[in-house]
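What follows is a short report on a single structure.
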Amino acid sequence: MATSIQPRQSSPISRIRLLPSLSSNASINETGQGQDAGAQEQPSIQLRQSQGISIPSLELKRTLQNAIAHLYLIETWGAHHERLGWLFAGQTERHQDLAIERQELVYRLQQLFEAEPVEDGMTHPAEGLIERVLGQQRTAALAWLDELATRPDYEHRVALLRCLGRMPVMLAGDWGLSVMSRALRSEDMEVRDAAICALELWGTREAADILRAHHDPEPWLAEYVAAVLQSIA
Amino acid sequence: MGAENRVKFLVRKVARGKWETTPFADGEIPADTLTSELKTQGNTLSFWESEGEDDSLWKEVALALAASGERIDRLDVAWLERTTLSDNGIALEKTPGKTPVLDLRDRHVDAAKLDVMRLVRVSHLLAQAIRVHKKVRRLARSEVINLLVEGARAGRMKLEDLKPLVREEVETKLHEK
């Protein structure tokens, strides 16, 4: 079976102009011509690029993998090897599955956190998702969650920490304490707040030890830590 | 001061960290704070009316809020004078509060008929109340539990009206003491 995949000569994407990032001094006028910021006042609303994840692309990837595996398209793969290589490059089947599952977790978390904020006194659907993933493959999921929870640029970091803090203390274990210890060192007060909240919920001696060693620079958070320590004691 | 002359406050549940965080210039309110903290329903925002300057100002509202929750967490409440909102063109309407605490249900007030501009005004007033006047209080989780247990012991709510996770914990504490 011969199959050819024609490269698109002119993808619409290639014609999209990149807008200036936050750090750029350039701006773009209505005709698309670049201008120096010094010549005109900086626009008050700034645009920056960010990474998007879409589930259809993951499904497409899985479909393509299945198609290649089952229909022996691999015979015709040579010519397009460079463009399709990303499907399999250097990965075993298990690693491919894990990579996809990680992306799906990231995507689902993003969906859930964008749909509703994590609110005091209210349960959040992401809590169930996290527990399910940890139940299915704890080792891999801990690594994924650890990476997200400690990444300063992860936009849902606070929400994720809040949900991790709601895990039963037995499920969170030493790993949970380690994540929250690191979060306490963050410059972001919301991140530290989420960590203190988690340690308050767990309420163990180890949690109290971590809080006792933490001296928060924000007075109202320091008061909160004191109140929590009093209640744990 | 007669009861009719006492200053009335409007108290609202907040997430203090979201209001205290200022990644921009002083006084600016992050858009995320507006979209997550001031989520309107039917163009209204929920407040609870309270009186007095002592702890009872926020304690009663904290009880109403905690009792209506699905779980027990620490709780932040912020307040401003009722006239601060009404003087700024915000319509206030009494509506029944959704809380298991029966005697607090008539304390609920909606900031109503909110358009975008009025919502932004509310956000500025709340930000000022929290950041400048420190009219905000965080209750640790243990304090929230104590409030609920006291409320239950005083018969102010039926345990069966509490959500399962809340009820379970309150019942446990009631049996402990």
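Naming convention: chains lettered A, B, ... in sequence-line order (proteins, then strands); numbering from 1 in each chain.
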Does B:T44 reach the main-chain N or O of B:A112 with its side chain, forming a donor-acceptor pair under 3.5 Å?
no

Tell me whether the count of non-hydrogen atoms from other residues, nucleotides or ligands lying under 6.0 Å of NZ in B:K113 goes above 12.
no

Counting only heavy atoms closer than 4.5 Å, note whether A:M122 contacts chain B via side chain, backbone, both or neither.
both

Of A:L164, A:L161, A:L109, A:V179, which is the lone residue that meets side chain to side chain contact (heavy atoms under 4.5 Å, CB included) with A:L148?
A:L109

Interatomic distance, B:L45 atom CG to B:L10 atom CG [nearest 0.5 angstrom]:
11.0 Å

Do chain B and chain A have donor-acceptor pairs under 3.5 Å, and which are they?
residue : atom : partner : partner atom : Å
B:K13   : NZ   : A:E119  : OE2          : 3.0
B:K13   : NZ   : A:D120  : O            : 2.6
B:K18   : NZ   : A:E190  : OE2          : 3.1
B:E70   : N    : A:G121  : O            : 2.7
B:E70   : OE1  : A:T123  : N            : 2.8
B:E70   : OE1  : A:T123  : OG1          : 2.6
B:R71   : N    : A:G121  : O            : 3.2
B:D73   : OD2  : A:G121  : N            : 2.9
B:D73   : OD2  : A:R166  : NH2          : 3.1
B:R74   : NE   : A:D120  : OD1          : 2.9
B:R74   : NE   : A:D120  : OD2          : 3.3
B:R74   : NH1  : A:D193  : OD1          : 2.9
B:R74   : NH1  : A:Y224  : OH           : 3.4
B:R74   : NH2  : A:D193  : OD2          : 3.2
B:R138  : NH1  : A:D193  : OD1          : 2.6
B:R138  : NH2  : A:D193  : OD2          : 3.2
B:R141  : N    : A:E200  : OE2          : 2.7

Selection from B:A15, B:G17, B:A66 maximising heavy-atom pairs under 4.5 Å formed with chain A
B:G17

Answer with side chain, backbone, both or neither: which region of A:I196 has an atom nearer than 4.5 Å to a non-hydrogen atom of chain B?
neither

B:L165 versus chain A, heavy atoms under 4.5 Å apart: side chain, backbone, both or neither?
side chain

Measuring from atom CG of B:L119 to atom CG of B:N43, what distance do you get when rounded to the nearest 0.5 angstrom?
9.5 Å

Could you please spell out the steps behind the salt bridge (charged side-chain N to carboxylate O under 4.0 Å, His left out) verdict for B:E49 and B:R82?
CA-CA 8 Å; B:E49 200 170 58; B:R82 188 186 167 108; 2.3 Å; yes

Determine whether B:L102 and B:R156 make a side-chain contact, defined as any pair of heavy atoms from C-beta on separated by less than 4.5 Å.
no

Criterion side-chain contact (heavy atoms from CB on, under 4.5 Å) on A:L199 and A:L184, from CA distance to verdict
CA-CA 10 Å; A:L199 296 167; A:L184 283 177; 3.9 Å; yes

Using a 4.5 angstrom heavy-atom cutoff, name the option from A:G203, A:A194, A:C197, A:A227 with the most pairs to chain B.
A:C197

